Amino acid sequence: MKPEIRNYATFQAMSDAAAAYVLQIAENSVQERGHFTLALSGGTTPKSLYACLTSEPYVHAIPWKQTHIFWGDERYVPPNHPYSNFAMAAQVLLERIPIPAENIHRIPTEAASAEIAAVEYAETLHAVFHALGMLSEDQQFPRCDLVLLGMGADGHTASLFPGSPILEEKQRWVAAIPAPNIEPRVERITLILPVLNAARNLLFLVAGVEKQPIVQTIIEHPEQARRVYPAANIQPVNGNLTWFVT
Ligand code: 6PG
């Protein structure tokens, strides 16, 4: 299925539209399966969306008690570190919505290594999706209802960077990534492409004129883009891919 592209005149308009999109997916997911599994992205772009979700109507309209929060990737730093994607989401979103603490499944970066954190997070994903009755025997990967993604100016997404061998990973659900050559230069933990592509819905939020040529190439020349930009390899197996761009 071809991706849907929505262009917005302003960053705020994109964030407002993204909040409405999250609500729509949340309501549909809870209605159909009784839960809403949402994987957050890090970086700076989604902060405005997260702030929208803490205001009306979203703070009370989204079924937070049936919502389970995961992360698409994380920096290998303590959960209260300024680089932490969890710390950002906690400050901007999680501390301001009525979501049960047990529904927040962060990547355990207090583990002794990024590799151990990746193994432990894969175990968490397995346990939570199994407990929700959303991991059938024949399922190789967990299916999030919605995965939020950003894209770097090099075309990376989550912590899947250009040229990374992890782009070819087909087994482990979660992988440790060496410190990239872009800031923040710390080890990462990331969901692998097959887990991201198993999602029912994936939403890219991309802001900045410098990123638009990459988005254009990914949309217009996907085969060529796939070899250069990790974000071009986001192709849901049985789901919807939408790009919000401003
Ligand atoms: C991270 C993100 C990463 C981010 C892009 C875009 O951990 O940094 O998951 O993939 O989405 O780097 O970041 P900005 O939104 O800050 O441009």
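Please read these numbers as outputs of a predicted model, since none were measured by experiment.
- With Y76 contributing its side chain and S113 its backbone, the two residues share a donor-acceptor pair below 3.5 Å.
- Counted by atom type alone, H105 and H68 present one or more donor-acceptor pairs between their side chains at under 3.5 Å.
- Under the 4.5 Å side-chain heavy-atom criterion for Ile, Leu, Val, Met, Phe, Trp and Tyr, Y83 and M88 are members of distinct hydrophobic clusters.
- Between L135 and H126, the closest side-chain pair of non-hydrogen atoms falls below 4.5 Å.
- Side-chain atoms of H81 and V186, non-hydrogen and from C-beta on, never get closer than 4.5 Å to each other.
- Q212 is listed as a side-chain neighbour of V245, based on a closest heavy-atom distance under 4.5 Å.
- The shortest heavy-atom contact between L205 and T45 is O-CG2, 3.7 Å.
- The main-chain N or O of Q171 is found under 3.5 Å from a side-chain atom of E169 such that the two form a donor-acceptor pair.
- There is a path of hydrophobic side-chain contacts, each under 4.5 Å, that joins V147 to L241.
- When the shell of 6.0 Å around CD of Q139 is examined, it contains more than 12 heavy atoms from other residues, nucleotides or ligands.
- Between D16 and Y58, the shortest heavy-atom contact is O-OH, 4.0 Å.
- Using modelled atom types, no side-chain atom of S48 and backbone atom of Q12 make a donor-acceptor pair closer than 3.5 Å.
- T37 OG1 to R200 CZ: the interatomic distance, rounded to the nearest 0.5 Å, is 6.5 Å.
- When every heavy atom of D154 is checked against every heavy atom of P162, the shortest pair comes out as O-CG, 3.4 Å.
- Side-chain N or O atoms of T157 include none that pairs as donor or acceptor with a backbone N or O of M151 at under 3.5 Å.
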Is there a side chain to side chain contact (heavy atoms under 4.5 Å, CB included) between F204 and V215 once you walk through the steps?
CA-CA 10 Å; F204 270 106; V215 176; over 6 Å; no
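- Between the side chain of R143 and the backbone N or O of N238, at least one donor-acceptor pair lies under 3.5 Å.
- Checked by atom type and distance alone, the side chain of Q66 never pairs as donor or acceptor with a backbone atom of G34 at under 3.5 Å.
- A side-chain donor-acceptor contact under 3.5 Å links R96 to the backbone of Q91.
- Residue Y8 comes nearest to T246 through the heavy atom pair O-OG1, 2.8 Å, listed as atom of the first residue, atom of the second, then distance.
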Would you please test L40 and L93 for side chain to side chain contact (heavy atoms under 4.5 Å, CB included) and show each step?
CA-CA 11 Å; L40 300 181; L93 174 62; 4.3 Å; yes
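- Taking CG of N233 as the start and CG of L160 as the end, the distance is 8.5 Å to the nearest 0.5 Å.
- Results of the ring pair (Phe, Tyr, Trp, His ring centres under 6.0 Å) test with F70 over F86, F36, F129 single out F129 as the only residue that passes.
- When side chains are defined from C-beta on, K65 does not count as touching T67, because their heavy atoms never get closer than 4.5 Å.
- Annotation: the span from I107 atom CD1 to E110 atom CD amounts to 11.0 Å, rounded to 0.5 Å.
- Across P79 and S84, no two heavy atoms sit closer than the pair O-OG, 3.6 Å.
- Transitive grouping of hydrophobic side chains (ILVMFWY, heavy atoms separated by less than 4.5 Å) keeps V195 and V119 in distinct clusters.
- Under the 4.5 Å side-chain criterion, counting only non-hydrogen atoms from C-beta, P108 is in contact with Y121.
- Between I234 and N197 there is a side-chain heavy-atom pair separated by less than 4.5 Å.
- Under a cut-off of 6.0 angstrom, the local environment of CZ in R33 is crowded, with over 12 non-hydrogen atoms contributed by other residues, nucleotides or ligands.
- Considering all non-hydrogen atoms of both residues, Q140 and K170 come closest at NE2-O, 3.5 Å.
- In the hydrophobic clustering of ILVMFWY residues, with side-chain heavy atoms under 4.5 Å counting as a link, V92 and I99 come out together.
- Contact check for R188 versus F161: side-chain heavy atoms found under the 4.5 Å cut-off.
- Residues I177 and D73 are not in side-chain contact: their nearest non-hydrogen atoms beyond the backbone lie 4.5 Å or more apart.
- One hydrophobic cluster holds both F141 and L202 under the rule that ILVMFWY side chains link at heavy-atom gaps under 4.5 Å.
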Begin with the C-alpha distance, continue with both residues' side-chain angles, and end with the deciding distance and a verdict on side chain to side chain contact (heavy atoms under 4.5 Å, CB included) for L148 and L49.
CA-CA 10 Å; L148 298 176; L49 160 61; 3.8 Å; yes
